[in-house]
Amino acid sequence: MAGMIRKLIASGVAAKVLQEARKPQNQAKIKKMIADFQNKNKGGTGRTGGSY
């Protein structure tokens, strides 16, 4: 019973997120957030591993 309720809540939250993501002002925020995240990840140390 609890699992079914959890799935219903999760699907409701997912539907609301998709609904909000379709709004133009939110699309701009999402694009900026993704660009910021990608730029932050590009600034790594450049190391690819090695011996531990």
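Annotation for R22 and Q27: closest pair O-NE2, 3.3 Å, computed over non-hydrogen atoms.
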Which atom pairs, one a donor and one an acceptor, fall under 3.5 Å between side chains of residues 28-36 and the rest of the protein, sequence neighbours left out?
unit_1	atom_1	unit_2	atom_2	d
K32	NZ	D36	OD2	2.9

Would you list the atom pairs, donor with acceptor, under 3.5 Å between side chains in residues 1-18 and any protein atom, with sequence neighbours excluded?
unit_1	atom_1	unit_2	atom_2	d
S11	OG	K7	O	3.3
S11	OG	L8	O	2.9
K16	NZ	E20	OE2	3.3

